[in-house]
Structure formats: structure tokens, C-alpha cells
Amino acid sequence: MKILVLLFFTTLLIQCSPLNYLSKKQQQKFLTDYDSGKEIFKIIANKITVSNYDTICDIATGSGYSISLLSKYLPFTTTYMVEDINKKSCNEKAFKRTFNFFKSNNGLDQFRFAIGTPTTIPYSDNSFKNVTLFISLHEFSNTEKMLNEVKRIMQKEGNLHILESVYQHTPAIDSVCKFTYLSEKELYDIVKKANLKIVTDTTFYKKTDTTNLYSKYLICKKQ
């Protein structure tokens with residue numbers, strides 16, 4: 001297990017709420033956390049193997065906060081297949097608002113939008129070498145079926161990249177979408193039950209033993 005001690009922690013790379021629904025205070029925190037999160041996504045980008053003109057699939061992408069950060073550090077020729085169950089957030093207009101809000105230089109022409117359901121992903125079998133799930137597992141209403149769908153669209157030797165906020169001591173609530181975060185044990189149990197093998201395990205956390213929320217980044221393969 002690799003542990004990285006960072007002087008920041010971001011929990012607001014959230015997929016579940018369009019920016020216009022947030023208070024000014026929440027928007028300011030998004031800006032601060034987005035800025036801090038750049039260090040995490042630089043590390044993640046270095047662990048994703050992509051060539052020019054490759055495609056990455058992002059599941060439960062929301063309005064594009066996390067995938068827009070990741071795309072800053074990957075080849076500009078990369079295409080992003082982005083999927084969510086929320087038509088109001090997963091579309092060109094919402095992404096444009098996100099990019100403008102964060103002053104991102106992302107190009108909308110890199111993104112292809114799709115709407116799924118809580119149990120289905122609208123992509124073909126064995127389609128993707130890299131699939132990402134960023135701060136989204138704790139929002140799934142049927143985690144088992146969704147991870148089966150993720151495995152279905154992954155290539156045989158493909159990688160699933162999971163970034164999830166987890167709690168250490170006491171259950172914690174996602175302040176934006178009001179779902180409860182997973183504990184680290186719950187995250188590992190979900191991955192094991194899905195018959196996925198963890199090949200990389202990285203922890204991002206504050207430099208204190210009293211930290212309750214921190215981030216886990218896992219790279220998983222099919223068993």
C-alpha cells in the first residue's frame with residue numbers, strides 16, 4: 001500500500017450537484033478544493049496509460065468536475081466518454097458552465113455524453129482500456145449491478161480507476177448530495193465482492209491522526 005502525505009484534502013470533487021444549485025460559500029469551497037485537487041489528479045494521470053487518440057470512459061461523471069481536472073494532465077487528443085443518470089448535469093451546457101467556473105481550458109469537443117440508468121451503462125462490451133469512477137461509488141443505489149456493468153464495458157486487461165472519499169472513525173455525510181460516504185472497509189468489501197483485483201492502492205490524507213475523511217485511489221483489474 002502506498003501512502004502519500006499531503007497538506008491538503010479535497011472532498012468536494014462531487015458528482016451530484018450542478019454548480020448553480022450551490023450557495024456562494026459552497027462555490028468558493030469548490031474553487032479552493034478544485035485548486036488543491038490538481039495535485040491528486042496529476043498523480044492519477046501519471047498512473048493512467050494512454051496514447052495519443054486514446055479513449056477514457058468516466059462513469060457517474062456528473063457535471064464534469066473530476067474528469068475536467070484529470071484531462072488537464074493527459075494528452076490533448078484523448079476522447080472522454082462520459083456517462084451519468086442525470087440529464088441535467090451530463091450534457092454540453094452543464095460541462096461548459098463547469099469549465100467556465102473553474103477557468104478550465106478543456107475543449108468540449110473532447111467529450112461524448114451518454115445517459116444511463118442506476119443499473120445499466122449504455123456502452124458495448126469490452127469497449128474501454130481505462131474506466132474511471134471518481135467520488136461516485138457512495139452514490140450508487142445498486143453498487144453490485146453497476147460494477148458488473150463497469151466490468152462488462154472494460155477490456156480484458158483494462159483498468160478501473162476508483163477515487164473515493166472514505167471515513168476513518170465515524171460515518172460522514174457528503175455535504176452536497178447528502179449520501180453517506182463509505183468506510184475504507186466498505187470500499188474494500190465492495191471491490192472484493194465485485195471480483196475485482198486491486199493492483200494499486202494509494203491513500204491521500206491530511207497530516208494528522210485525527211483526520212476522519214480521506215481519499216483512496218485504487219486501480220483494479222478483472223479477476
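Worth saying up front: this structure is predicted, and the values here are computed from it rather than measured. Along the sequence shown, residues are numbered consecutively beginning with 1.
Without hydrogens or angle criteria, Q110 side chain to Y80 main chain gives no donor-acceptor distance under 3.5 Å. Formation of a donor-acceptor pair under 3.5 Å by the S51 side chain with backbone atoms of D54 is not found in this model. K221 contributes a side-chain N or O that, together with a main-chain N or O of E157, makes up a donor-acceptor pair within less than 3.5 Å. Not a single donor-acceptor pair under 3.5 Å links the side chain of R97 to the backbone N or O of S63. In this structure, N91 contributes its side chain and K88 its backbone to a donor-acceptor pair below 3.5 Å. Between the side chain of E149 and the backbone N or O of M146 there is no donor-acceptor pair closer than 3.5 Å. The closest donor-acceptor contact from the side chain of N130 to the backbone of T49 lies under 3.5 Å.
Counted by atom type alone, T117 and T120 present one or more donor-acceptor pairs between their side chains at under 3.5 Å. Side-chain atoms of D58 and T132 include a donor-acceptor pair closer than 3.5 Å.
Listed by chain and residue number, Y123 satisfy the ring-ring contact (aromatic ring centres under 6.0 Å, His included) test with F128 (two or more places apart in sequence, or in another chain). Taking A194 as the reference, L147, L196 meet the side chain to side chain contact (heavy atoms under 4.5 Å, CB included) condition, with sequence neighbours excluded. Applying the salt bridge (charged side-chain N to carboxylate O under 4.0 Å, His left out) criterion to D109, with sequence neighbours excluded, gives no partner residue.
Considering F134, Y73, Y217, F204 in turn, F134 is the only one that fulfils the ring pair (Phe, Tyr, Trp, His ring centres under 6.0 Å) rule with F41. The side-chain contact (heavy atoms from CB on, under 4.5 Å) with Y181 is formed by just one residue from the set L187, D174, V166; it is D174.
Residues F95 and F113 are in side-chain contact: their nearest non-hydrogen atoms beyond the backbone lie under 4.5 Å apart. Between I44 and T202, the closest side-chain pair of non-hydrogen atoms is not below 4.5 Å.
Closest approach of E164 to L137, counting heavy atoms only: OE1-N, 3.2 Å. Between D84 and C90, the shortest heavy-atom contact is CB-CB, 3.6 Å.
Few gaps surround NZ on K222; more than 12 heavy atoms of other groups in view lie less than 6.0 Å from it.
Put simply, CD1 on I135 and CG on L163 are 4.0 Å apart, with the number rounded to the nearest 0.5 Å.
Note on K193 versus D189: no salt bridge recorded, every NZ/NE/NH1/NH2 to OD/OE distance being 4.0 Å or above.
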